[in-house]
Amino acid sequence: MSTLAKQTSVVKAVRGTRDLLPPETALWNHVESVARAVFARYGFGEIRTPIFEDTQLFARGVGEETDIVSKEMYTWEDRARAQSEKSQSLTLRPENTAGVVRAYIEHKLGERGDLQKLYYIGPQFRRERPQRGRYRQFWQIGVEVLGPISSGAESPIRDAEVLEMLATLLDELGIKGWRLELNSVGSATDRPRYVAALREALAPVKSRMCEDNQRRAETNPLRVLDSKAPEDQHIINALPKIADFLDDASREHFAAVLAALDACGVAYTVNPRLVRGLDYYTRTTFEFTVPDGSGLGTQNALLGGGRYDGLSEMLGGPKAPGIGFAIGEDRLILILEEQATGTGEPVAAQKLDAYIAPMGIERNAAALALARELRRAGLSVEVGDGTFRLKKSFEAADKVARHIIILGEDELATHTATVKTFATGEQVKIAQTELQSLLR
RNA sequence: GCGGCUAUAGUUCAGUGGCAGAACGCCGCUCUGUGGCAGCGGAUGUCGUGGGUUCGACCCCCACUAGCCGCCCCA
């Protein structure tokens, strides 16, 4: 540590943020490339929206009363730069659906007439208390399917397609033991009717419930449904079910989603208590969870999503029903690391194809030239240094590569190379032109 | 935002009111073109930060910060 660092305080990553380093970043890249490949097969294109937006977007889209908007956003007043300019309240995006719908409206994507299938991968920001699987800057991989009514955006087949795609993605990533839970929260008019009924039903019984649930019964009755308090379950089970408050259209829509899932063999559980925290959700809502011990601690929700048929209008846009989800990428990575190692440790780095060990500094230039040739041919190669003793080269090579290529005076004179394969211990001296086929 | 637990070497962790420890890892030598094993040697660090108690604090007390766990919420 330098003298300077001892005297002054060290600047660290701020609470709830973190650096992602190799080799772990290789896993992130893997996850993202699998996701992109799957999305492409379903006809999705990538959208990249700004990392900060007008605060109004989230206030109106996500909902003023939600925890996210009321206490978890990073918001600041962006000062005016000139007399003619007004200052503006800006916010780091706490989620990406509102931004995507804003872009849909702004670029009049609905005028294109066809269904818009968009995906995004990027950081989101919420000022929450950090925990395992919960960070203040976290990454989401999400998709949105939306469009005018005539594009079929409201059709239950879209819901089922999105869910089936998720099942495929999680399977391809190798996530084990996931469960899909889904529910219908009804239309924009169904939900308030249900909440009113819930309040009414809770009024006479809430005094017999735990402290948390008494508070929820006042502030957010839907939350009572999530309660895990064992002593309150008999009361909760007797509360009205949202299914009884759905209008005919919503009921039929949900039934069609389930039928389509059955048809393509995606397993699910209908959870009448599943409610979500964002105001824009309508009709189908869902969550994919993993079992305890999967690496997430108490944050067992890997992803969540649902339909948002009125969101575009709430943001001043045209009618554009849609459905989407967001995967917690940080959580996905935690699960994969837990599965890979059983300990939650980061996975080991992938080894390079070869390590070139020049014997003596006079061989350095030739080693770099050979490396260039192999690298241009698509091989992954590290180059040592001629000042290293051969033993040191071996130790360094074994850590990072599958083969060591020894380049000494003899080899250079005869255009050959000595190659040893670490896994087998076999060593051969071959023409340099044969290297590529040997190393692959 | 509230409560609990924790913070010692690069890593994982012991430890005691009186000289700072182990394992693994790292560096060197045994060993100038053949590693993984072994032997010998070496460096690890303001004991999270700042105060307080004490002759003396890594240890006791307080505050702060951070991580983890629970609540809340969510991805």
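Just so we're on the same page: letters track the sequence lines, and every chain starts at 1.
Using a 4.0 Å cut-off between charged nitrogen and carboxylate oxygen, A/R440 and A/D353 do not count as a salt-bridge pair. Salt bridge status for A/D330 with A/R18: present, with a side-chain N to carboxylate O gap under 4.0 Å. Salt-bridge formation is detected for the pair A/E161/A/R158: a Lys NZ or Arg NE/NH1/NH2 atom is positioned less than 4.0 Å from an Asp or Glu carboxylate oxygen.
Under the Watson-Crick and G-U wobble criteria, each requiring two contacts below 3.5 Å, nucleotide B/C19 is left unpaired. Across every strand in view, B/G33 sits unpaired, with no contact that passes the Watson-Crick or G-U test at under 3.5 angstrom. The nucleotide B/A43 finds no pairing partner, because no Watson-Crick or G-U wobble arrangement with both distances shorter than 3.5 Å includes it. Base pairing analysis places B/C71 opposite B/G1; the two distances defining the Watson-Crick or G-U wobble pair are each below 3.5 Å. Under the Watson-Crick or G-U wobble criterion, with both distances below 3.5 Å, B/C64 is paired with B/G48. Nucleotide B/U53: unpaired (no Watson-Crick or G-U wobble partner with both distances less than 3.5 Å). Applying the Watson-Crick and G-U wobble criteria (two distances, each under 3.5 Å), B/C24 pairs with B/G10.
A/R93 has its CZ atom 15 Å from the P atom of B/A75, to the nearest Å. If you measure from atom CD of A/E65 to atom P of B/C73, you get 14 Å, rounded to the nearest angstrom. Rounded to an integer number of Å, the gap from CZ of A/R18 to P of B/A75 is 17 Å.
Residues from residues 411-440 of chain A that place a heavy atom under 4.0 Å from any atom of RNA chain B, listed by number: A/E411, A/T418, A/K420, A/F422, A/Q427. Interface residues of residues 384-399 of chain A facing RNA chain B, ordered by number: A/R389, A/L390, A/K391, A/K392, A/F394, A/E395, A/D398, A/K399; criterion, heavy-atom separation under 4.0 Å.
Between A/W178 and A/F288, the ring planes lie tilted relative to each other; the angle falls in the 30° to 60° range. The aromatic rings of A/F44 and A/F39 are tilted relative to each other, their planes meeting at an angle between 30° and 60°.
With A/R191 contributing its side chain and A/T282 its backbone, the two residues share no donor-acceptor pair below 3.5 Å. Looking at A/Q432, its side chain does come within 3.5 Å of a backbone N or O of A/T416 through a donor-acceptor pair. Between the side chain of A/R60 and the backbone N or O of A/Q56 there is no donor-acceptor pair closer than 3.5 Å. Using modelled atom types, no side-chain atom of A/R283 and backbone atom of A/V185 make a donor-acceptor pair closer than 3.5 Å. With A/R208 contributing its side chain and A/D232 its backbone, the two residues share no donor-acceptor pair below 3.5 Å. Side-chain atoms of A/N183 come within 3.5 Å of backbone atoms of A/L274 as a donor-acceptor pair (strictly under, hydrogens ignored).
B/C13 and B/C69 have their P atoms separated by 14 Å, with the value rounded to a whole Å. For B/U46 and B/G42, the C1' atoms lie 22 Å apart once the distance is rounded to whole Å. For the P atom pair drawn from B/C26 and B/G21, the interatomic distance equals 23 Å after rounding to whole Å. Distance noted for atom C1' between B/C59 and B/G48: 15 Å (whole Å). Across the P atoms, B/C55 and B/A43 are found 36 Å apart, a figure rounded to whole Å. Using P as the reference atom, B/G25 and B/C58 are 31 Å apart when rounded to the nearest Å.
Residue contacts shown for A/E329 are absent, as no nucleic acid heavy atom lies under 4.0 Å away. Using a 4.0 Å heavy-atom distance criterion, A/D410 is classed as a base contact. Backbone-only engagement by A/L302 is indicated by non-hydrogen atom pairs under 4.0 Å involving sugar-phosphate atoms exclusively. At a threshold of 4.0 angstrom between heavy atoms, the contacts of A/R363 with the nucleic acid are absent. Within the 4.0 angstrom heavy-atom criterion, base atoms lie near A/G408.
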At a cut-off of 3.5 Å, list every protein nitrogen or oxygen paired with a nitrogen or oxygen from nucleotides 65-68 of chain B, distance to 0.1 Å.
unit_1	atom_1	unit_2	atom_2	d
B/G67	OP1	A/G16	N	3.3
B/G67	OP2	A/R15	NH1	2.8

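B/C13: glycosidic angle beyond 90° from 0, hence anti.
The two residues A/F58 and A/M73 come nearest to each other via the heavy atoms CB-SD, 3.8 Å. Of all heavy-atom pairs spanning A/A197 and A/F245, the tightest one is CB-CZ, 3.4 Å.
Both A/L407 and A/L303 lie close to RNA chain B; mapped to their nearest nucleotides by heavy-atom distance, the more 5′-ward contact belongs to A/L407.
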